[in-house]
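These notes are about the structure you will find just below.
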Amino acid sequence: MTKQLVVNLFEMATPGHITHGLWRQPDNQRERYADIAYWVELAKIAEDAGFDAIFLADVVGAYDVYHGSFDPALERGLQIPNLDPLLLVAAMAAVTEHIGFGVTFSTTYEPPFAFARRMATLDHLTNGRVGWNIVTSYLPNAARNFGLADQIPHDTRYEIAAEYIDVLYKLWEGSWDDDAVVADKDAGLYSRPGTVRAIDHDGEHFRVAGPHLSEPSRQRVPVLFQASASTAGIAFAARHAEVLFTADRPPGALERNIAAIRDESVRQGRRADDTRFLVMATVIVAPTEDEARARYEEYRTYRDTEGPFIHMSVPFHPLQHPSDITVREALEREGRHDVIAAGGLPLHLTVGQFANAVDEAWDSRFLVVGDPGQVADAIERWLDEDGIDGINLRQYHSFDTARDFGELVVPELRRRGRMREAYTPGETLRERIFGEGPRLPERHPAARYRGGANL
Ligand SMILES: Cc1cc2nc3c(=O)[nH]c(=O)nc-3n(C[C@H](O)[C@H](O)[C@H](O)COP(=O)(O)O)c2cc1C
């Protein structure tokens with residue numbers, strides 16, 4: 001069967017998400033990110049274009065490792081200022097009928113009970129069109145914003161996430177039976193006692209009594225998105241996630257990640273096609289190849305070369321050293337023996353090689369610049385040869401990126417049978433991606449709490 005593309009528009013409520021410097025283009029709309037009209041317009045454009053979902057990234061701290069300060073991020077609008085993505089979804093849901101929304105929320109800092117209610121609220125308001133990108137938060141500043149002296153160690157964050165999501169499953173799946181709400185005006189009965197229960201969770205990190213405060217929504221559990229690269233992250237993803245973002249570097253990492261997660265999820269009783277793999281992709285399209293290339297070159301003139309260093313929390317100043325000394329020498333010159341001891345940086349590379357590698361890594365391996373036919377050819381190769389199921393489309397320009405994709409690429413992909421012709425009315429996000437029911441299948445760990453079992 002011809003594989004069809006899952007396509008999300010990658011967004012964040014901030015001027016500079018991942019295409020650093022591009023907000024400076026004179027007609028780019030990104031500085032309107034705090035205006036509800038921006039999100040209303042974007043949602044309509046993306047739905048007209050046929051996107052499956054708008055996917056909203058989020059961080060709950062500022063980038064302050066590079067130069068030991070958040071000033072470089074602040075100057076560039078690099079993910080600061082930013083707004084809460086969950087609150088934007090209600091506005092976008094009100095002006096759309098079909099498009100889904102993926103929102104990022106961290107399991108590390110806020111306890112699960114309130115989040116269970118917020119997400120259930122969004123599943124109701126979107127009529128089952130919402131997904132959750134599960135993150136454990138990588139920024140040291142985020143930890144300090146939530147009362148901690150420093151970051152919780154990486155693998156401990158995933159242990160907390162495992163209990164966090166277990167509490168959510170209990171609330172979303174176990175607390176209310178399907179027939180709990182009768183809303184019978186004559187009998188004066190809204191919900192039936194005996195069909196709604198406390199969860200009485202008493203774990204290592206959380207104590208939650210319940211009941212869940214929201215009545216069951218269509219999906220109950222939002223579509224579970226996750227991006228992981230580590231052993232702990234992959235084990236978590238294999239058990240829980242439905243849609244995975246996979247890093248595509250270094251070479252071979254994508255294939256290894258897909259295989260590792262699929263194999264592990266099957267070992268855990270799930271099916272190979274219960275997980276879908278998305279990559280971040282750049283598509284610069286125009287009616288002709290020459291126009292597309294010219295547009296890409298123009299975008300490149302706005303590119304901010306320091307943005308990736310800030311975003312990747314590079315703990316030294318690559319641009320302030322001769323390019324032919326090694327990373328180790330540069331760190332020694334800055335007295336950063338702590339960074340050398342911590343490992344993780346390619347100390348043997350020259351500073352120039354390191355800077356080039358960061359710059360190259362910033363352009364995903366999934367990058368195409370061309371006319372609609374060339375773009376569709378590339379996307380078909382990504383689907384068939386690279387083994388991915390979909391893309392998160394990186395925005396170089398708001399709203400041209402979404403509009404161009406809709407006007408030029410979608411019709412070509414539809415002609416080739418690589419995208420559906422139209423949305424199916426009333427479909428939930430889970431049904432759109434997996435084609436089965438609105439709820440997680442019985443073989444998913446969330447299902448074990450249904451009907452109040454195993455609480
Ligand atoms: C495409 C993509 C998007 C991501 N979006 C976010 C995000 O919005 N917020 C966040 O805190 N982390 C985000 N991450 C980081 C991941 O959640 C994860 O921490 C990272 O891939 C490293 O994997 P690990 O946690 O297994 O070490 C993203 C990662 C990728 C690849």
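Every number for a ligand or one of its atoms is a count from 1 in the order of the listing.
Rounding to the nearest 0.5 angstrom, the gap separating the CZ atom in Arg267 from the CZ atom in Arg262 is 14.0 Å.
The aromatic rings of Tyr109 and Phe146 lie parallel to each other, their planes meeting at an angle below 30°, with 60° marking the opposite boundary.
With a heavy-atom cut-off of 4.0 Å, His154 touches ligand 1 through its side chain alone. Within the 4.0 Å heavy-atom criterion, the part of Asp58 lying near ligand 1 is the backbone and not the side chain.
Note: Phe399 and Tyr38 meet the aromatic proximity criterion, with ring centroids under 6.0 Å apart. The distance between the ring centers of Tyr449 and His201 does not fall below 6.0 angstrom. Taking the six-membered ring for Trp, Trp39 and Tyr33 have ring centres at least 6.0 Å apart. Aromatic rings of Tyr63 and Phe70 (six-membered ring for Trp) have centroids beyond the 6.0 Å cut-off, not under it.
Each of the atoms 23 (O), 26 (O) of ligand 1 lies under 4.0 Å from some heavy atom of Ser228. Near Ala57, with a cut-off below 4.0 Å to any heavy atom, the atoms of ligand 1 are 8 (O).
With respect to atom 18 (C) of ligand 1, the closest heavy atom belonging to the protein is Ala227 O, 3.1 Å. Closest protein heavy atom to atom 26 (O) of ligand 1: Ser230 OG, 2.6 Å. From the protein, the heavy atom lying nearest to atom 14 (N) of ligand 1 is Tyr138 CE2, 4.2 Å. In this structure, the protein non-hydrogen atom closest to atom 5 (N) of ligand 1 is Asn133 ND2, 3.9 Å. Nearest protein heavy-atom contact of atom 3 (C) of ligand 1 is Phe10 CZ, 3.9 Å. Shortest contact from atom 1 (C) of ligand 1 to any protein heavy atom: Phe245 CB, 3.8 Å.
Paired with Met119 under the rule side chain to side chain contact (heavy atoms under 4.5 Å, CB included), one option of Val103, Leu168, Val89 passes, and it is Val103.
Below 3.5 Å of separation, one finds an N or O of Ala229 facing an N or O of ligand 1. The shortest N or O to N or O distance between Ser137 and ligand 1 is not below 3.5 Å.
When only modelled atom types and interatomic distance are considered, Asn133 and Thr104 share a side-chain donor-acceptor pair under 3.5 Å.
For the pair Thr104 and ligand 1, a heavy-atom separation below 4.0 Å is found. At a 4.0 Å cut-off, at least one heavy atom of Tyr158 sits close enough to ligand 1 to count as contact.
Using a cutoff of 4.0 Å between basic side-chain nitrogens and carboxylate oxygens, Glu298 and Arg303 are not scored as salt-bridged.
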